[in-house]
Number of protein chains: 2
Amino acid sequence: MSYHDPVTLDHDQDCPGLLPEPPAAELELACVLHALADPMRLRIVSELAGAGGDELNCLAFELPVTKSTMTHHFRVLREAGLIRQHRRGTSKMNTLRADDLAARFPGLLDAVLAAAPPCPKAVAAP
Amino acid sequence: MSYHDPVTLDHDQDCPGLLPEPPAAELELACVLHALADPMRLRIVSELAGAGGDELNCLAFELPVTKSTMTHHFRVLREAGLIRQHRRGTSKMNTLRADDLAARFPGLLDAVLAAAPPCPKAVAAP
DNA sequence: CTCGTAGTTTGACAGCCACCGTAGTACGGT
DNA sequence: ACCGTACTACGGTGGCTGTCAAACTACGAG
């Protein structure tokens with residue numbers, strides 16, 4: 001659950017404002033499972049999966065916690081390698097790293113999403 | 001992650017010494033994920049899976065922790081619904097509830113086991 | 001520049017938890 | 001009954017963590 005800042009120059013040019021994330025090959029199972037074991041974070045991941053690859057800013061998730069707690073959760077998800085975040089204006093846009101996760105742990109994300117509780121409400125587009 | 005002691009009379013007669021466990025239909029994803037997120041517990045589950053349904057007593061797992069910590073880990077796994085335990089003489093025998101888990105969360109256990117680090121050593125028969 | 005909004009940092013809090021050591025229980029063999 | 005072995009209960013420790021409030025930063029519109 002620790003990694004060096006892997007943002008390369010190439011990456012900076014392709015996606016300005018990208019926040020640091022662990023490379024797919026370095027994702028750790030215990031870290032991913034731990035991140036998914038929190039109901040708030042599982043809900044974030046479920047809603048991102050339901051958005052079908054669309055980017056959602058943090059406000060798109062109407063979670064019953066404060067903004068600072070949401071910041072914490074998004075950070076845990078990013079550092080575990082579950083989500084990708086980049087800055088766009090005043091917003092942080094989030095996507096699920098579904099392809100990376102499937103490549104690293106085949107079937108895991110699908111099984112977790114299938115097992116996750118249904119989302120309380122549909123995600124509003126930002 | 002809480003349940004009432006569900007041991008029924010029928011169950012008592014079929015398997016004396018069975019310790020309380022949650023019914024398969026009541027397994028909670030967050031609880032299961034949390035139990036699997038600890039490397040020691042993941043290793044226990046992996047070794048039980050590798051034993052192909054054989055019962056293993058607690059000593060069969062040469063984990064780098066004390067016996068009292070192992071007791072704690074086995075308890076977490078049992079209460080999360082991942083393992084079944086029953087007393088046999090002075091030993092506690094453990095099996096993986098693979099069928100229950102597959103029924104409740106299809107594909108999850110397989111994906112986790114496929115992703116888990118390889119066991120450091122083969123499990124000695126008790 | 002000001003303002004509003006999205007998001008972050010910081011510190012605090014209370015509960016959780018992996019781990020340990022110690023003393024104890026449960027069981028079976030002698 | 002005693003003994004050895006498998007396992008547990010209990011208390012303690014230090015670190016972790018979800019959560020919050022308050023102050024702050026980053027950004028873009030006007």
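Per chain, numbering begins at 1; letters A, B, ... match sequence-line order. Both backbone and side-chain heavy atoms feed into the values below; hydrogens, waters and symmetry mates do not.
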- Pairing pattern in dot-bracket form [Watson-Crick, G-U; both distances under 3.5 Å; | = partner strand] for DNA chain D: ||||||||||||||||||||||||||||||
- Message: One character per nucleotide, please: for nucleotides 18-30 of chain C, 5' to 3', B when the base has a protein heavy atom closer than 4.0 Å, S when only the sugar-phosphate does, - otherwise.
- Response: SBBB-----BS--
- Task: Please name all residues satisfying ring-ring contact (aromatic ring centres under 6.0 Å, His included) with B/F74, sequence neighbours left out, ordered by chain then number.
- Result: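 For B/F74 the ring-ring contact (aromatic ring centres under 6.0 Å, His included) partners, ignoring immediate neighbours, are B/F61.
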- Item | Residues which pass side-chain contact (heavy atoms from CB on, under 4.5 Å) with A/H73, listed by chain and number, not counting sequence neighbours |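 Checked A/H73 against side-chain contact (heavy atoms from CB on, under 4.5 Å); matches are A/D38, A/M40, A/R41, A/I44, A/T69.
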- Task: Could you pull out all residues at least two apart from A/A111 that satisfy side-chain contact (heavy atoms from CB on, under 4.5 Å)?
- Result: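 So A/A111 forms a side-chain contact (heavy atoms from CB on, under 4.5 Å) with B/L108.
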Answer yes or no: is there a side-chain heavy-atom contact under 4.5 Å between [X] and [Y]?
X: A/P20; Y: A/R78; answer: yes
X: A/L42; Y: A/P117; answer: yes
X: B/L29; Y: A/L36; answer: no

Spacing of [X] atom [atom1] relative to [N] atom [atom2], expressed in whole Å:
X: A/N94; N: C/dA6; atom1: CG; atom2: P; value: 14 Å
X: A/L36; N: D/dG18; atom1: CG; atom2: P; value: 12 Å
X: A/R78; N: C/dG7; atom1: CZ; atom2: C1'; value: 12 Å
X: B/L19; N: D/dA6; atom1: CG; atom2: P; value: 18 Å
X: B/H86; N: D/dT8; atom1: NE2; atom2: P; value: 13 Å
X: B/E62; N: D/dA6; atom1: CD; atom2: C1'; value: 15 Å
X: B/F74; N: D/dA9; atom1: CZ; atom2: C1'; value: 17 Å
X: B/N57; N: D/dT8; atom1: CG; atom2: C1'; value: 15 Å

- Message: Check the phosphate of D/dT8 against B/K92, side-chain N and O only, distance under 4.0 Å to OP1 or OP2. Yes or no?
- Response: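 Yes, B/K92 has a side-chain N/O under 4.0 Å of OP1/OP2 on D/dT8.
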- Query: Can you list the residues that meet the salt bridge (charged side-chain N to carboxylate O under 4.0 Å, His left out) rule with A/D100, with sequence neighbours excluded?
  - Reply: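 Salt bridge (charged side-chain N to carboxylate O under 4.0 Å, His left out) list for A/D100, sorted by chain: A/R84, A/R97.
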- Query: Knowing that exactly one of B/V45, B/L82, B/L48 qualifies, which makes a side chain to side chain contact (heavy atoms under 4.5 Å, CB included) with B/N94?
  - Reply: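 Answer to the side chain to side chain contact (heavy atoms under 4.5 Å, CB included) test with B/N94 among B/V45, B/L82, B/L48: B/L48.
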- Cluster overlap B/L33 with A/L27, hydrophobic side-chain contacts below 4.5 Å: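 Per the 4.5 Å side-chain linkage, B/L33 and A/L27 are co-clustered.
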